[in-house]
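FYI, the numbering just counts along the sequence from 1. Heavy-atom basis, side chains included; hydrogens, waters and symmetry copies ignored. This structure is a prediction, so every number in the text was calculated from the model and none was measured.
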Amino acid sequence: MDINKSSGQRDITIDIAKGVGMLLVVIGHLPTVMGGVIYTFHMALFFMLSGWCFSDKHLDAKRRFLKKRTVSLLLPWLLCKSPFWCMKYSGIFPDIFKTSVEYHWLGTMWFLPALFGAEVILLAVLLALRKSKYSGWLSVTAIFILTYAVSFVSLNVSDFLYYALFYAIGYAAKQTSKGTIRALPKKLYSIGILGVSYLLMIYLKPFVPATISSCDSSTYLLYLITSLSGSFLVIQFCSWIGKHTETLRDIFVLIGQNTMAIVLFQWFAFWLLQGAVDNGIITVDNETLLIFSKFIIGLTVPILLNEVYKIAKRQIKQKLSCHNQDG
């Protein structure tokens, strides 16, 4: 069996990279020395991975695609945000609202509408360019030019164009490579390529904004370079993992399969642990141990909640099916 292929013939490196990317997101949200470096590329990596997964079949079923993504991205975002909007503007449950703000319960929710916006933009551009043989890289070029044009006039939609550019790069990369990620050959120049990528990411880090949404026309090109360099290193690492270490491969794939749950609940998990420590339920001797514990909790609690949700959903479906048969 070719371990580089998952079911459905998708390169398993993508599934591993989703898990590694989600692990980096959790680390980036904790007060560690790695946070600054991670922020130079980790969200761009996620948009590129999502773009890689975009299928040309959506061009012929755009309404179905938009409906599906509205349900899977915008609906969870709306359901999670609405109660807190009500608390904010009605004044009810002020303590809960204050806690949610202080502990960033919804800190990663911005990614859901951002991903939806990036998908819509790429879909629109590809529909305009679909007759071209090189629609992938032409879409990257078009969005890149449009991004700079919009950035110079400081329109609010420029953030979505930033996201869409990385999304389009992921799509174009898959189109060029025919859906297979190729690791660098075992040659001396490969070490040089990896080293240059690392140095670019580290050297340019002080000159790029802290987050992708803070980019403007003067910093976006630098952010583009650091994000592509960091993402390239991660992909090469994931390609190696997929070929050589089955245990790590399975762990990262599991994390990647729970991306939505971790996006929704990692900050809530941090709060649960911090609350237990503050109230003396759990004793943590030092700050380093607390940070490591938050890292573990930030991954495991969302995964467990997702498993509980899946079990409950499966049981409800079975009961409904039995009820319909009895009826």
Side-chain angles (χ1 to χ4, degrees), residues 1-28 34 37-57 111 115 136 166-202 226-263 266 295-296 298-300 302-304 306-307 310:
M1 179 180 178
D2 184 0
I3 63 172
N4 284 315
K5 296 288 183 181
S6 62
S7 59
Q9 297 301 303
R10 188 170 80 182
D11 194 322
I12 200 172
T13 302
I14 296 298
D15 299 307
I16 297 170
K18 284 185 175 181
V20 173
M22 205 67 248
L23 183 145
L24 292 174
V25 167
V26 175
I27 295 175
M34 298 174 61
V37 175
I38 290 171
Y39 266 72
T40 61
F41 70 88
H42 76 307
M43 291 315 304
L45 171 65
F46 262 109
F47 283 109
M48 285 187 280
L49 292 175
S50 299
W52 181 283
C53 297
F54 184 89
S55 173
D56 287 333
K57 68 181 181 181
F111 179 72
L115 179 58
F166 289 111
Y167 192 90
I169 290 173
Y171 169 79
K174 183 184 73 170
Q175 195 180 53
T176 302
S177 64
K178 298 181 180 179
T180 301
I181 293 176
R182 295 176 178 84
L184 287 174
K186 296 178 180 179
K187 303 288 185 180
L188 184 62
Y189 69 81
S190 298
I191 298 175
I193 293 173
L194 293 172
V196 169
S197 298
Y198 175 78
L199 290 174
L200 280 172
M201 181 179 65
I202 297 299
T226 60
S227 59
L228 291 177
S229 299
S231 298
F232 174 73
L233 291 171
V234 169
I235 291 298
Q236 290 300 311
F237 170 73
C238 293
S239 180
W240 183 86
I241 289 290
K243 292 178 180 178
H244 297 97
T245 59
E246 184 175 346
T247 301
L248 280 179
R249 181 197 71 191
D250 293 343
I251 290 173
F252 286 134
V253 169
L254 174 64
I255 295 173
Q257 290 171 344
N258 287 273
T259 296
M260 177 66 77
I262 297 172
V263 166
Q266 63 174 289
F295 166 69
I296 298 298
L299 290 172
T300 55
I303 291 174
L304 290 173
N306 195 32
E307 288 302 312
K310 288 179 180 178

Over 12 foreign heavy atoms within 6.0 Å of OH, Tyr198: no
From Asp250 atom CG to Ile255 atom CD1, the distance as rounded to the nearest 0.5 Å: 11.5 Å
Trace of the side chain to side chain contact (heavy atoms under 4.5 Å, CB included) decision for Met22 with Gln266: CA-CA 10 Å; Met22 205 67 248; Gln266 63 174 289; 4.0 Å; yes
Verdict with supporting geometry, Ile262 and Val25, side chain to side chain contact (heavy atoms under 4.5 Å, CB included): CA-CA 9 Å; Ile262 297 172; Val25 167; over 6 Å; no
Tyr39 and His42 aromatic ring geometry - parallel, tilted or perpendicular at 30°/60° bounds: tilted
Phe111 and Phe47 aromatic ring geometry - parallel, tilted or perpendicular at 30°/60° bounds: tilted
From CA spacing to verdict: side chain to side chain contact (heavy atoms under 4.5 Å, CB included), Ile14, Cys53: CA-CA 9 Å; Ile14 296 298; Cys53 297; 4.0 Å; yes
Step-by-step side chain to side chain contact (heavy atoms under 4.5 Å, CB included) determination, Ile12 to Asp15: CA-CA 5 Å; Ile12 200 172; Asp15 299 307; 4.1 Å; yes
Note, Phe41 side chain near Leu228 side chain (heavy atom, < 4.5 Å): no
Heavy-atom closest pair, residues Ile16 and Gly242: CD1-CA, 3.5 Å
Rounded distance (nearest 0.5 Å) linking atom OG of Ser231 with atom CD of Gln236: 12.0 Å
Atom of Ala44, atom of Ser227 and distance for their closest heavy-atom approach: CB-CB, 3.5 Å
Minimum heavy-atom distance Cys238-Ala17, with the two atoms named: SG-CA, 3.4 Å
Inter-residue atom distance Leu115.CG - Met43.CE, 0.5 Å rounding: 9.0 Å
Nearest-0.5 Å distance, CD1 of residue Ile241 to OG1 of residue Thr13: 10.5 Å
Whether Thr245 side chain and Thr247 backbone form a donor-acceptor pair below 3.5 Å: no
Approximate separation, where rounding is to 0.5 Å, of Leu254 CG and Ile303 CD1: 4.5 Å
Over 12 non-hydrogen atoms of neighbours within 6.0 angstrom of CD in Glu307: yes
Nearest non-hydrogen partners of Ser197 and Ser229, listed with the distance: O-CB, 3.2 Å
Value rounded to 0.5 Å, distance of CG in Leu248 from CZ in Phe237: 6.5 Å
Lys18 (side chain) donor-acceptor with Asn258 (main chain) under 3.5 angstrom: no
Any side-chain heavy-atom pair of Trp52 and Ile235 under 4.5 Å: no
Validation row: Leu24, Val234 side chains within 4.5 angstrom (heavy atoms): yes
